[in-house]
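Bear in mind that the values here come from a model prediction, so they are computed numbers and not experimental data.
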Amino acid sequence: MFKIGEIEIVNKVVVAPMAGVSNVAFRSIMKDFGAGLVYAEMVSDKALTFRNPKTFRMLEVAENEHPMTVQIFGGDLDTIVQGAMIIDQESNCDIIDINMGCPVSKVIKADAGAKLMLEPTKIYDIVKAVVAAVKKPVTVKMRSGWNHDNINAVEIAQLCEKAGAKAIAIHGRTRNQMYTGKADWDIIRQVKEAVNIPVIGNGDILTPEDALQMIEQTNCDAVMIGRGVLGNPWLVQQTVDYLNTGTYDKLISDESKIDHAIEHMERLILLKGEKFAMLEMRSHAAWYIKGMKGSTHVKREIANISDRESLIELLKKYKFELKNGSES
């Protein structure tokens with residue numbers, strides 16, 4: 001257990017914010033599998049101040065999600081403060097996170113996300129202003145730096161702590177690395193040694209063993225898992241169990257994965273309606289069956305499915321084939 005401000009996080013497993021993924025349906029599944037903390041996908045400060053209806057729906061929190069974090073991104077001090085105040089007052093989330101790590105061009109062009117890593121003074125001013133304007137604890141998610149020649153996460157983390165941030169999540173890659181190459185866990189260790197607030201390590205956690213190794217190597221307070229849980233929420237429970245007991249259940253049946261894909265679809269439909277849920281489920285269903293025998297042709301069929309009944313029929317047929325050893 002660790003604390004972010006006065007918010008207690010019951011274990012060391014945190015699920016990262018992922019654009020187009022981390023909605024209520026996804027987050028509630030992660031919570032079912034034992035995640036100590038979940039993040040919503042990032043929301044735009046300007047969209048909040050314009051009171052965009054779609055953005056406001058992204059602030060909704062299900063009862064089983066607490067504690068959870070809403071993440072905001074922006075490059076302008078005034079609007080990011082206004083946006084944070086809206087989250088503070090109109091969302092039932094527990095924590096507000098400022099994104100300083102997103103590497104995608106659309107965000108960078110708005111002088112937001114990882115672009116902020118180039119302006120330490122601006123970061124300090126933003127964090128200090130947001131902390132002063134809201135009641136919820138404020139955290140920051142960052143990268144190791146802009147590129148190999150600009151690794152400044154330690155400096156940024158210290159400034160964020162000085163400005164009042166209650167925790168730091170650090171992805172051990174630079175902006176230029178995007179999601180390629182290997183995450184540098186040593187920079188996570190350096191940040192942990194440099195600040196007195198909790199540090200959450202992020203990058204290359206694909207197994208429970210990876211999580212333990214990161215904690216042992218960096219002394220971070222928690223691990224943040226991102227892409228590793230796509231189609232594999234069991235990784236959350238496995239990691240919680242492994243960190244607590246040194247062992248975990250490695251046997252996850254293909255049938256169970258298919259059943260959970262259908263459950264995920266049902267939750268998405270409740271959230272978004274069938275039309276939009278099915279578009280999103282094409283990716284999720286493919287992730288759930290990844291690596292299964294004969295999954296290639298099933299993924300091709302999934303890519304063309306646009307209604308609930310067709311996906312259920314396809315997945316149940318595939319489940320039957322797997323169970324009865326049919327060639328796919």
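Side-chain contact between P17 and M42 is absent, with no heavy-atom pair separated by less than 4.5 Å. In this structure, K3 and I9 have side chains that are not in contact, with every pair of non-hydrogen atoms separated by 4.5 Å or more. Looking at V229 and M18, their side chains come closer than 4.5 Å, going by heavy atoms from C-beta outward. Residues M142 and H171 fail the side-chain proximity criterion, which asks for heavy atoms closer than 4.5 Å. The shortest distance between side-chain heavy atoms of D94 and T69 does not fall below 4.5 Å. The shortest side-chain heavy-atom distance between P103 and Q177 does not fall under the 4.5 Å cut-off. M68 is not listed as a side-chain neighbour of I95, based on a closest heavy-atom distance of 4.5 Å or more. Here the side chains of K141 and M100 are not in contact, with every heavy-atom distance at 4.5 Å or above.
D88 contributes a side-chain N or O that, together with a main-chain N or O of K135, makes up a donor-acceptor pair within less than 3.5 Å. In this structure a side-chain-to-backbone donor-acceptor pair under 3.5 Å is present from R27 to S22. With hydrogens and angles ignored, the 3.5 Å screen pairs a side-chain donor or acceptor of N324 with a backbone N or O of F320. Of the possible donor and acceptor atoms, one in the side chain of S91 sits under 3.5 Å from a partner among the backbone N and O of L59. Side-chain atoms of N150 never come within 3.5 Å of backbone atoms of W146 as a donor-acceptor pair (strictly under, hydrogens ignored). For D204 (side chain) and A183 (main-chain N/O), a donor-acceptor pair under 3.5 Å exists by modelled atom type. Counting only distance, with no hydrogens or angles, the side chain of E274 and the backbone of R308 share a donor-acceptor pair below 3.5 Å.
Here K31 does not pair with E65 in a salt bridge; the nearest charged N to carboxylate O distance is not below 4.0 Å. One finds a salt bridge joining E90 and R51 here, because a Lys/Arg side-chain nitrogen approaches an Asp/Glu carboxylate oxygen to under 4.0 Å. The pair K293-D254 does not meet the salt-bridge criterion, since no charged nitrogen lies less than 4.0 angstrom from a carboxylate oxygen. Between E161 and K166, none of the side-chain N atoms (NZ, or NE/NH1/NH2) sits under 4.0 Å from a carboxylate O, so this pair counts as no salt bridge. Looking at K122 and D76, no side-chain N of the basic residue comes within less than 4.0 Å of a carboxylate O on the acidic one, giving no salt bridge. The existence of a salt bridge linking K317 and E321 is confirmed by a sub-4.0 Å separation between a basic side-chain nitrogen and an acidic carboxylate oxygen.
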Q: Begin with the C-alpha distance, continue with both residues' side-chain angles, and end with the deciding distance and a verdict on side-chain contact (heavy atoms from CB on, under 4.5 Å) for S44 and F73.
A: CA-CA 5 Å; S44 160; F73 76 95; 3.6 Å; yes
Q | CA sep, side-chain torsions, deciding dist, call: R189, D184, salt bridge (Lys or Arg N to Asp or Glu O under 4.0 Å) | A | CA-CA 9 Å; R189 176 191 63 79; D184 177 11; over 6 Å; no
Q: Report the C-alpha distance between L235 and I225 in whole Å, list the side-chain angles of each, state the deciding distance to 0.1 Å, and finish with yes or no for side-chain contact (heavy atoms from CB on, under 4.5 Å).
A: CA-CA 9 Å; L235 178 58; I225 310 177; 3.8 Å; yes
Q | Verdict with reasoning, D125 to T121, per side-chain contact (heavy atoms from CB on, under 4.5 Å) | A | CA-CA 6 Å; D125 291 342; T121 302; 4.0 Å; yes
Q. K272 and E280: salt bridge (Lys or Arg N to Asp or Glu O under 4.0 Å), yes or no, with the steps?
A. CA-CA 10 Å; K272 297 189 169 191; E280 195 169 312; 2.5 Å; yes
Q: Mind running side-chain hydrogen bond (donor to acceptor under 3.5 Å, both in side chains) on T174 and N147 for me, showing each step along the way?
A: CA-CA 5 Å; T174 65; N147 57 30; over 6 Å; no
Q | Derivation and outcome, side-chain contact (heavy atoms from CB on, under 4.5 Å), residues V43 and I87 | A | CA-CA 10 Å; V43 293; I87 296 170; 4.1 Å; yes
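We find the SG-CD1 distance between C220 and I168 to be 13.5 Å, quoted to the nearest 0.5 Å. The line from CD1 of I302 to CE of M278 is 9.0 Å long, rounded to the nearest 0.5 Å. Rounded to the nearest 0.5 Å, atoms SG (C102) and CD1 (I108) are 6.5 Å apart. Going from atom CG of L268 over to atom CG of L271 covers 6.5 Å, rounded to the nearest 0.5 Å. With rounding to the nearest 0.5 angstrom, the CG atom of N232 is 12.0 Å from the CD atom of Q237. Atom CG of residue N304 and atom NZ of residue K299 lie 15.0 Å apart, to the nearest 0.5 angstrom.
Ring orientation note: the planes of Y288 and H284 are tilted relative to one another, at an angle of 30° to 60°. Between Y242 and Y248, the two ring planes are perpendicular [angle over 60°; tilted spans 30° to 60°].
In this structure, a donor-acceptor pair under 3.5 Å is absent between the side chains of S144 and R173. Under 3.5 Å, the side chains of S28 and N64 contain no donor-acceptor pair of N or O atoms. Side-chain contact annotation: K46 with N52, donor-acceptor N/O pair under 3.5 Å absent. Side chains of T139 and D97: a donor-acceptor N/O pair is present below 3.5 angstrom, by distance only. Q82 and D78 share no donor-acceptor pair across their side chains, judged by distance under 3.5 Å alone. No side-chain N or O of E60 forms a donor-acceptor pair with one of N23 less than 3.5 Å apart. Side-chain polar atoms of D241 and N244 form no donor-acceptor pair below 3.5 angstrom. In summary, the side chains of D259 and S256 do not present any donor paired with an acceptor at a separation below 3.5 Å, with no hydrogens or angles considered.
No single ILVMFWY cluster, assembled from side-chain heavy atoms under 4.5 Å apart, contains both I98 and L37. By the rule that hydrophobic residues join a cluster once side-chain heavy atoms approach within less than 4.5 Å of another member, L118 and L116 end up as members of separate clusters. One hydrophobic cluster, built from ILVMFWY side chains closer than 4.5 Å, holds both I170 and I96. There is a path of hydrophobic side-chain contacts, each under 4.5 Å, that joins V61 to L48. When hydrophobic clusters are built by joining Ile, Leu, Val, Met, Phe, Trp and Tyr residues whose side-chain heavy atoms come closer than 4.5 Å, directly or via intermediates, I289 is not grouped with I252.
In this structure, R143 forms a cation-pi arrangement with Y179, its terminal cationic atom sitting closer than 6.0 Å to the ring centre and no more than 45° off the ring axis.
In H66, the NE2 atom is crowded: over 12 heavy atoms of neighbouring residues, nucleotides or ligands sit closer than 6.0 Å. The neighbour count for K136 NZ, taken as heavy atoms of other residues, nucleotides or ligands under 6.0 Å away, is above 12. Around the CD atom of E6, the shell of radius 6.0 Å holds no more than 12 heavy atoms that belong to other residues, nucleotides or ligands. In K128, the NZ atom is not crowded: 12 or fewer heavy atoms of neighbouring residues, nucleotides or ligands sit closer than 6.0 Å.
Nearest heavy atoms, V223 versus A211: CG1-O, 3.7 Å.
Pairs of residues two or more places apart, or lying in two chains, that qualify as ring-ring contact (aromatic ring centres under 6.0 Å, His included) and include a residue from residues 10-57 are F33-W234, F33-H260. Within the structure, side chain to side chain donor-acceptor pair (under 3.5 Å) pairs that include any residue of residues 212-221 comprise K192-D221 (at least two apart or interchain).
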